[in-house]
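Notes to accompany the following structure.
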Number of protein chains: 2
Amino acid sequence: MKDDRPRISDVARLAGVSTATVSRALSNPALVSEDTRAAVQSAVTATGYRLNQAARNLRHRRTGGIVALVPNLANPFFSQILSGIASVLGPAGYNLLIADTRTAGAEGLLAYAEPSRADGLIVLDGSLPAAALTGAVPLVEACEWVPGLVAPRVKIDNRAAAGLAVDHLADLGHRRIGHVAGPRGNVLSEARLSGTAERLAARGLPFPAGAVLQGDFSLDSGRLAALAWLELAGDSRPTAMFLASDAMACGFIAEVQRHGISVPRDVSVVGFDDIELVAHVSPPLTTIRQPRAALGRVAAERLLRRLRGEADQEGDTILPVELVIRASTAPARE
Amino acid sequence: MKDDRPRISDVARLAGVSTATVSRALSNPALVSEDTRAAVQSAVTATGYRLNQAARNLRHRRTGGIVALVPNLANPFFSQILSGIASVLGPAGYNLLIADTRTAGAEGLLAYAEPSRADGLIVLDGSLPAAALTGAVPLVEACEWVPGLVAPRVKIDNRAAAGLAVDHLADLGHRRIGHVAGPRGNVLSEARLSGTAERLAARGLPFPAGAVLQGDFSLDSGRLAALAWLELAGDSRPTAMFLASDAMACGFIAEVQRHGISVPRDVSVVGFDDIELVAHVSPPLTTIRQPRAALGRVAAERLLRRLRGEADQEGDTILPVELVIRASTAPARE
DNA sequence: ATCCTGCATGAAACCGATTACATCGCTTTG
DNA sequence: CAAAGCGATGTAATCGGTTTCATGCAGGAT
């Protein structure tokens, strides 16, 4: 059944020309005469010819594909980034392959980082081994990054973003501000945590060890953080919390509400990411907006530039974030 | 820089054997002797050889890739389905390509439905033209389906699922039950709408035209539906609403709350999908749980079975849904 | 001793396009 | 009028593996 797929030689025979001419007529029409082009065209439709990508790839030594490595496809945070990537890659003639680094094994990853599999790589997972990614194929990193890997990065200033959140809460008069961090070792967690500590220090506010709760970006870890927060004695319990992800913030709010705590009356909450849904929960969440689609677009554009061999400074691209003030934060009570 | 990539002949020379033997040693070790295998192995590591997929694909006449066509990557609903697909495909030696049918043009789609680009297709978008997908490459449909396309389908019973929602609300004593439908023409919207109408009729409950509001599955359309609902006169306003997606339910609840309406005291709300977040909003949403990861897994498994040429009955696989009762629904007030 | 069998291996065809190079006919230029 | 230039096209090498077929050799059966 596959054997009957017409080859370029079938088209050539029908059109009465050589395969070379067919190839030219299809991929570089300017090279052949008007008549030939028409003859080839009608032969193509007559045979139902479709070219074999594998053969072309072999000859061209390129695949036309870009692989995105995401830590967890099930996490909606990445959807919009991928969407941004796809919106740039598609029109440029590349197609996007997506691999979940969780489901793909370590050797599997290496297989992706190969020129014969993909022309380029967009890495969205900072926990990958730098060695597996080095050298083989052009890559850029987006959002997260692998320490020690030299590659263009497209990201936000997580430190400064955390500062925005802290400033907002401090400006509202809060003096005991807590933080729920992301997974230990994650580059984003670290940056947001240290940004928080820095800004609190800069404003002369305390940041005792107990004010940092450990999370992992997930909804449920936010819920658990809420339980830990509830345990704290009244006069050491923060009146405002900055959480390193919106998912955790949602989990946190839902859990404290279940215990009769009111947000923002009893505690103000700031999230991180501005995923679409948090504008529509109650109370609508104050959060740091990450330009997710733009992160994807810019990462894809930088990769394309490298692939085309254009000059592209090695440095990081920092995209701006924005504090979105909604109803989950309020002035501190006396 | 690409030129220095070692070829199989380099390995062969170093190992003192022919390329045929190297190929066999790598892809079918049982065929060569112990000694040869070892010699090839060390030659491979010495040269840093990695085989060229394009060349192998050309010869094998397969690509090792499966394409998933999703209507909108930015919609988190699909993330977990894709995750389920990837979890099956990865171990089976296939890699998953994901294409957003929104960003890929119509011709782009046709390019994906080709044997030289992908060995199989998983279609998650019911709005594609059946013609573009017919015949070229094995495919299965998941969640949504293209009317008129013959292919194995993996889905839920949307009609019956809507019935579950209606039953729940009716059992709580609600007599005026409204529905917010998904986008017009969408197969899921239609099934859920008619399932709602059927079950209401079966229970002798009214379902006037005004009780159906038009949405498009998005958060914002849920918000707009809330505004329409608020406009309704008190005695024609439904006391319970069943919305065809969780996103719309969230938008609906947030908007009515903004207008001082309490959920579930003033209106009960049931959603559809059970996306992770809705368990953690307030009030936690009563909804129909779709087994998203399982949908993806089963679809991938059926596709693999077809690719292996194993017998696979053409029919639909119907996966069970579940009514998850949370706090957004309550008995009707007198 | 002869023949057969089977294993390990090499030579070469093959997958299906692209493209460097050669060719041919015709026009332009000195 | 010969040389050079140019456009359109064909020939054949090439991309880098896989696989068929042939071969050589060792061991077992007759």
Side-chain angles (χ1 to χ4, degrees), chain A residues 1-41 43-44 47-64 93 111 114-119 136, chain B residues 1-41 43-44 47-64 93 111 114-119 136:
Chain A
M1 54 179 297
K2 263 182 188 170
D3 319 305
D4 57 1
R5 275 179 73 80
R7 298 196 306 270
I8 198 171
S9 59
D10 299 322
V11 177
R13 196 175 320 117
L14 188 62
V17 297
S18 71
T19 62
T21 301
V22 175
S23 176
R24 283 188 281 252
L26 294 178
S27 55
N28 204 344
L31 289 179
V32 303
S33 74
E34 182 64 46
D35 300 354
T36 314
R37 203 179 313 149
V40 169
Q41 266 310 332
V44 165
T47 53
Y49 170 73
R50 321 238 61 218
L51 79 73
N52 184 313
Q53 286 290 339
R56 168 182 286 196
N57 290 349
L58 174 57
R59 181 66 224 230
H60 277 173
R61 291 142 148 246
R62 56 155 258 167
T63 69
E114 270 188 71
S116 64
R117 250 249 185 338
D119 298 336
Chain B
M1 56 178 293
K2 266 183 186 168
D3 320 305
D4 58 1
R5 276 180 73 80
R7 297 198 305 274
I8 197 171
S9 59
D10 299 322
V11 177
R13 196 175 321 117
L14 188 62
V17 297
S18 71
T19 62
T21 300
V22 175
S23 176
R24 283 189 279 254
L26 294 179
S27 54
N28 203 346
L31 290 179
V32 303
S33 72
E34 182 65 47
D35 300 354
T36 314
R37 205 179 312 150
V40 169
Q41 266 310 333
V44 164
T47 53
Y49 171 72
R50 319 240 61 218
L51 80 73
N52 183 313
Q53 285 290 338
R56 167 180 284 192
N57 291 347
L58 175 57
R59 181 67 222 222
H60 276 341
R61 291 142 148 240
R62 57 155 257 165
T63 68
E114 271 187 72
S116 63
R117 249 237 179 355
D119 299 336

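Letters A, B, ... are given to chains in the order of the sequence lines, protein chains preceding strands, and every chain is numbered from 1.
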query: Taking only residues two or more places apart in sequence or in another chain, which ones pass side-chain hydrogen bond (donor to acceptor under 3.5 Å, both in side chains) with B:Asn52?
result: none
query: Under 4.0 Å between a Lys/Arg side-chain N and an Asp/Glu carboxylate O for A:Arg7 and A:Asp10?
result: no
- prompt: Rounded to the nearest 0.5 Å, how far does NE2 of A:His60 lie from CG of A:Asp119?
  reply: 11.5 Å
- line: d(B:Asn57 CG, A:Arg117 CZ) to nearest 0.5 Å is 7.5 Å
For A:Arg50, all residues meeting side-chain contact (heavy atoms from CB on, under 4.5 Å), sequence neighbours excluded: A:Arg5, B:Leu110, B:Glu114
statement: Hits for side-chain contact (heavy atoms from CB on, under 4.5 Å) against B:Asp35, two or more places apart or cross-chain, chain-then-number order -> B:Ser33
Atom-pair distance ([atom1] on [X]; [atom2] on [N]), nearest Å:
{"X": "A:Glu34", "N": "D:dT9", "atom1": "CD", "atom2": "P", "result": "11 Å"}
{"X": "B:Arg13", "N": "D:dG17", "atom1": "CZ", "atom2": "P", "result": "12 Å"}
{"X": "B:Gln53", "N": "D:dC15", "atom1": "CD", "atom2": "P", "result": "19 Å"}
{"X": "B:Arg5", "N": "D:dC15", "atom1": "CZ", "atom2": "C1'", "result": "13 Å"}
{"X": "A:Arg62", "N": "C:dA17", "atom1": "CZ", "atom2": "P", "result": "17 Å"}
{"X": "A:Asn28", "N": "C:dA20", "atom1": "CG", "atom2": "C1'", "result": "15 Å"}
{"X": "B:Arg50", "N": "D:dG17", "atom1": "CZ", "atom2": "P", "result": "12 Å"}
{"X": "A:Arg56", "N": "C:dT19", "atom1": "CZ", "atom2": "C1'", "result": "13 Å"}

query: Given C:dA17, is OP1 or OP2 found less than 4.0 Å from the side-chain N or O atoms of A:Tyr49?
result: yes
- line: Its contact letters, B for base, S for sugar-phosphate only and - for none at protein heavy atoms under 4.0 Å, make nucleotides 8-15 of chain C read SBBB-BBB
message: Need the bend value for the helix from C:dA1-D:dT30 to C:dG30-D:dC1: angle between end axes, 5 pairs each end, nearest 10°.
response: 50°
What donor-acceptor contacts under 3.5 angstrom involve side-chain atoms of residues 16-25 of chain A, with partners at least two apart or in another chain?
residue	atom	partner	partner atom	Å
A:Ser18	OG	A:Ala20	N	3.4
A:Ser18	OG	A:Thr21	N	3.3
A:Ser18	OG	A:Thr21	OG1	3.3

- prompt: Which residues pass the salt bridge (Lys or Arg N to Asp or Glu O under 4.0 Å) test with B:Arg56, sequence neighbours left out?
  reply: none
message: My understanding is that only residues two or more places apart in sequence, or in another chain, count here; which of them pass salt bridge (Lys or Arg N to Asp or Glu O under 4.0 Å) with B:Arg59?
response: none
